[in-house]
Amino acid sequence: MPAGAAIQVGGVNVFYGDFHALWDISLEVGRGEIVSIIGSNGSGKSTLLNTLAGQLTPRTGSITYFGESIGSLPPHETVAKGMVLVPEGRRVFPRLTVFENLLMGSYTYKARKNRKQSLENIHELFPRLGERGDQMADTLSGGEQQMLAIGRALMSEPKVLLCDEISLGLAPIVIKGIYQKIKQINALGLTIILVEQDITRSLKVADRAYVMLEGKIVLEGKPCDLTEERVKEAYFGI
Amino acid sequence: MEGLAQDILNGLLLGGLYAVVAIGLSTIFGIVRLVNLAHGDLMILASYLSLFMVSALGVSPLLTLVAIMPIMFAVGYILQRFLLNRVLGEEMEPPLLVAFGVSIILQNLMLMTFTPDARSLMSNLSLMTFSLGRNLSVPVLYLINFFIALAVIAGQHYFLQNTYMGRGIRAASDDKYAAQLMGINTQNTYAVAMGIAIMTAGVAGVLVGMTFTFYPHSGPQYLIIAFGVVVIGGLGSMKGTFVGGLILALAQILGARVFGPGYQLLCGYVVLLIVLAVRPQGILGRG
């Protein structure tokens, strides 16, 4: 695989206490790619993203980010390096205003200096967030909260954006809008990893995809090579 | 009705002092979900530190605040960063027990170091008053307490609302996991929050030391006042803490006026029970 990969994961094993959650995961994400990770509930997708973001530390194996080993960094340091996670369930700060939520995205020292510019960019990408700047985040609709969660993550000026179930609980029309934004963000040069249960939607935008089952990667390929039948087989493990 | 206006005035001014006694306890519970049982003892520690500086340097107790505030910030920061952060988790009992342990250790250290004698931070402010009309006079020290308390609460409010670190502290309190994902080092923000809380306790300790006598075992007495204020006003609400301070102090002083001095404390806690029964989240607490 290319030496210039954004992320290389080699033989990663992750445990929750005694529970073996990720088994020998190896994958690679090239610069500027959109890679989709699909799988059913409990297949380890979110665990994988949380491991990349530094919330979990692999017991064995390596994670390389633009050639640099980051396997044991805590989350606040991976963010500073330029990899940020949009968490499942959006997790905006409910008692902070929309504006303050965005500010928190630029908490790292480097991002803080450019926050004015970042804020303008995000208001351009999501005009709604600019209009609602003074509202408390928990008064936003689900779709707006998802935009806020993405905008907040972008405030850190990331090179890699990890998105966990960004379509969860949203109306199809809203999901469509959000996926358009994901493509726009990707066009700016960001590498994106999407974790989704919605297979069709995420295969449509992805350059490549991995299918996970019970903590293992069971299938990999370009969306055009992944026929519905092969994905279903891998997805359900039948 | 002789002296009623005077009692109300005294109650309001004392309320300001009660609010600053409680603000740190309320803040740290709101942010870290930690009941700091050592809050009162840390206050009294600051009283003794101030006493030490007053006798060594011969300065006014108020002036020692310049040194007490950074020292107590450091004490709070270190306490949280290296001790309490280690036991924070899903359950509330471990940090509660550690704080209780700190409380006992502090009381006994102060007992060993400063002897059990009653002390106070004397200054010529203690006896000064100025009069407002024939039957109304304002004790200067109480007035100073009140305004310092206001300044502390306003300052802390400003810090939490308008600075990056302050917003980060609120974000970490809203959602620790998401805050970490945004690059906030929550171990550090918790420690800063505790530093600020203990800094306010330090201010409270100096003011209390100037106003009343204190002993190595005075801490729990002020912890209980702080609990009362926080329960009446509503946990985590700064305005609530201020209002709670005023109500508790007024209840005590007016209770003493009506039923006699022996009922002062009881009246304060009856009001507390009434608030608990009628509005358990506190007067300005969130539902």
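The sequence lines fix the lettering, A, B, ..., with proteins before strands; numbering per chain opens at 1. Computed from a prediction, not measured in an experiment: that's the story for all the values here. These values consider heavy atoms only, across backbone and side chains, with no hydrogens, waters or symmetry-generated copies.
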Phe100(B) atom CZ: more than 12 heavy-atom contacts under 6.0 Å: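 Counting other residues, nucleotides and ligands, CZ of Phe100(B) stays at 12 neighbours or fewer.
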More than 12 heavy atoms from other groups under 6.0 Å of CD on Gln135(A):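 It does: Gln135(A) CD has more than 12 such atoms within range.
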What residues of [range] sit under 4.5 Å from chain B when only non-hydrogen atoms are counted?
range                       : value
residues 87-94 of chain A   : Pro87(A), Arg91(A), Phe93(A), Pro94(A)
residues 45-57 of chain A   : Asn50(A), Ala53(A), Gln55(A)
residues 105-125 of chain A : Gly105(A), Ser106(A), Tyr107(A), Thr108(A), Arg112(A), Arg115(A)

Hey, are the side chains of [X] and [Y] touching, using non-hydrogen atoms and a 4.5 Å cut-off?
X         : Y         : result
Val79(A)  : Leu181(B) : no
His76(A)  : Gln180(B) : no
Glu100(A) : Arg170(B) : yes
Met182(B) : Pro75(A)  : no
Leu103(A) : Arg167(B) : yes

Contacts of residues 144-162 of chain B with chain A (heavy atom under 4.5 Å):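 So the qualifying residues are Gln161(B).
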